[in-house]
Protein chains: 2
Amino acid sequence: MRNIVLGICYDGTNYAGFQRQKNLPTIQGEIEDKLMSVLKEDVRIKGASRTDAGVHAKGQVVNFLTGSSIPVQRFPYILNDRLPRDIRVIWAKEGKPGFHARFSAISRTYKYIVYNKNIISPFVARYALIYPESLDLYLMREAGEKLVGEHDFSPFSPEKGKTIRRLQLLDIRRKKNIIIFTLEANAFLKGMVRSIIGYLLQIGSQKLPKSVMNEIFNGKYDFKSILAEPQGLYLWKVKYDSSLFKEE
Amino acid sequence: MRNIVLGICYDGTNYAGFQRQKNLPTIQGEIEDKLMSVLKEDVRIKGASRTDAGVHAKGQVVNFLTGSSIPVQRFPYILNDRLPRDIRVIWAKEGKPGFHARFSAISRTYKYIVYNKNIISPFVARYALIYPESLDLYLMREAGEKLVGEHDFSPFSPEKGKTIRRLQLLDIRRKKNIIIFTLEANAFLKGMVRSIIGYLLQIGSQKLPKSVMNEIFNGKYDFKSILAEPQGLYLWKVKYDSSLFKEE
C-alpha cells in the first residue's frame, strides 16, 4: 500500500467541520467520497487537525493508504476536477509507511483574522471576525506572553485528559484595519485558539484586565463564555520532518 | 418626501441579481423589506444598475423617497443591523428632489477579475473567474481599443432598442496571477461587460484572432456563446454630478 499525503485548502463556511459526520457536509466526507469513487476502494483519510464548523484551512494536511498506482502528482488534478470549489488540493507527496498526518506533525500554526472596523465589506465577512471596538495591541501582547511556553491549557478547552501543550509563538500584528494573530504550538486542544483569541479581544478592548490570564490558569473563568467566532480562524501550516516523505 | 441615496456593497453569490423577483433572494428585495419594516411605509428603491445573478457590487447606488424624519446618517447603521452580512450599506446622503440612481448617473465603472492560475485558493473562487490558460495582455488591449468610443453595442447584448453606448475606458492590468479589467461607460447594455470579457479572454488565449472584434460589429458572432461567468464581475463605481446632493 502506498501512503499518499495531500496539502488541502478550504473555505469552511459551508461545512460542519473537518471530521466526517452522518448527513452533514464535512471536509473529510467530501475528500473521502471523491477518492473512493476514483480509486474504487475503501479510503479513510487522516487529517492533521480536526477543524471546527466554519473554520478555514490554508494548509491542512491529510494522508491515506491506497493500493492504486496513480502517479502521486495526478491526485491534485483528479480531486480538484471532482471536489466543490471551496475545497482545493494544493499539493501531493508520497509519505513513507509510518507517516500519519496527525501523529507525525511537529507543530501546527493557526492564524486568526480580525477586521477592526465598523462598516465592513461583505467580501470580508466570511473570512474574518468583524470587531469594531478599539483594540490595544500592547495590552494583548503582554497578556499573550503569559501563554507562551508549556502549560496545562485545560481552562481554554472542554477537552479532558492530557491537556499540556507547548505554545511556541503568539504574534499579533496590525495592517491598517486588519489584525492578525499567529499561534504555533506542538498541538492545540479543541477550541483552544478561539478561546485564547476571545480572551485577548476582551483584554485588548479593556473589558477585562490583562491580569485575567493568571486568573484563567487558576480556573476562574469558564471556557464557553468567550469563544471567538469560527470565521476568523485558519489552520495555516502543519510542520513535518522532511525525512518522512519519499524522495521525488 | 425626502430623497435618500445609499451606497451599497454586496457579495452577489447567493442572490438572483439586483432586481426584485418573486420567491427569490434579491438585493432589491432584501433592502426594500428591511426599509419597509423600519419605516412602516411602502418603499421602492431605484438602483443605478441591475446587476445579474452572482455579480458583486462594491459601489452600487440606490435611492428611495420617504416621509420619515430619521437623520440620513443613521440609515447605514439601521440597515446593517438588519441586512444579511453579504449586503452592506457604506454611506448615505440626501439627494435633491429630482435625483434618480439610474437616470442621474453620468457613468458606471465595472471591474472584472480573472485569477490566471491553475490550482486556486478556495478563498478566491467566489470572487474571480478562474482561467488557467496563458493570456496575452497585448493582444487583449489591441482588441479592446476597437471597442472604446461610441458604438452600437448590440452584438454584445440581447437588449433591443437603443443600443448605442459610449465606452470611455477599457483598461487591462496584471498583478501577479490576477488580471483586472476596468470598463467605464455612460451606461452598459445587459450582459455587455461579461460578453466583452468573454471575447477578450478568447483573444488573449489565442482561440480567436484579435480581428474578431471587427467581425463582431458586423454581426458574425452570437452573444450568448461567450458570456464570461458572473463571479468575476463587480459594479465598482457610479458617478453623479455633486450638485444633485444636498449640502451636508
Side-chain angles (χ1 to χ4, degrees), chain A residues 6-15 18 25 27 30-31 51 54-60 73-92 111 113 115 117-132 177 229 231-236, chain B residues 6-15 18 25 27 30-31 51 54-60 73-92 111 113 115 117-132 177 229 231-236:
Chain A
L6 304 174
I8 313 280
C9 208
Y10 47 83
D11 173 345
T13 312
N14 297 331
Y15 296 93
F18 179 83
I27 307 297
E30 289 289 342
I31 297 172
T51 55
V55 171
H56 312 298
K58 188 173 170 290
Q60 174 71 285
Q73 317 89 302
R74 291 290 309 146
F75 279 101
Y77 299 95
I78 291 169
L79 285 166
N80 288 333
D81 269 357
R82 292 162 173 83
L83 284 165
R85 64 185 191 171
D86 50 9
I87 306 176
R88 295 287 96 181
V89 180
I90 304 299
W91 53 260
K111 285 187 189 276
I113 299 180
Y115 200 79
K117 207 179 165 184
N118 201 348
I119 294 184
I120 64 100
S121 154
F123 307 111
V124 169
R126 283 168 82 91
Y127 300 124
L129 174 71
I130 292 132
Y131 198 86
N177 295 311
E229 290 172 40
Q231 77 273 11
L233 186 59
Y234 296 73
L235 172 58
W236 203 260
Chain B
L6 304 174
I8 313 280
C9 207
Y10 47 84
D11 173 346
T13 312
N14 298 330
Y15 296 91
F18 178 82
I27 306 297
E30 290 288 343
I31 297 173
T51 54
V55 172
H56 312 298
K58 187 172 170 291
Q60 174 71 285
Q73 317 89 303
R74 290 291 308 147
F75 279 101
Y77 299 95
I78 291 169
L79 285 166
N80 288 334
D81 269 357
R82 291 163 174 83
L83 284 166
R85 63 185 191 172
D86 49 10
I87 306 175
R88 294 287 95 181
V89 180
I90 304 300
W91 54 259
K111 285 187 189 274
I113 300 179
Y115 200 78
K117 207 179 165 184
N118 201 348
I119 294 184
I120 63 101
S121 153
F123 307 111
V124 169
R126 285 168 80 89
Y127 300 124
L129 173 72
I130 292 131
Y131 198 86
N177 295 310
E229 290 173 41
Q231 77 274 10
L233 187 59
Y234 295 73
L235 172 59
W236 203 259

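Residue numbers begin at 1 in each chain, while the letters A, B, ... track the order of the sequences.
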Side chain, backbone, both or neither of A:Ile87 within contact of chain B (heavy atoms, under 4.5 Å): backbone
Residues of residues 75-82 of chain A with any heavy atom under 4.5 Å of a heavy atom in chain B: A:Pro76, A:Tyr77, A:Asn80
B:Arg85 to A:Arg126 - nearest heavy-atom pair and separation: NH2-CA, 4.3 Å
Toward chain A, the part of B:Val89 with a non-hydrogen atom under 4.5 Å: backbone
Closest non-hydrogen atom pair between A:Arg88 and B:Pro122, with its separation: CG-CD, 3.9 Å
Residue list, ring-ring contact (aromatic ring centres under 6.0 Å, His included) with A:Phe123, at least two apart or on another chain: B:His56, B:Tyr127, B:Tyr234
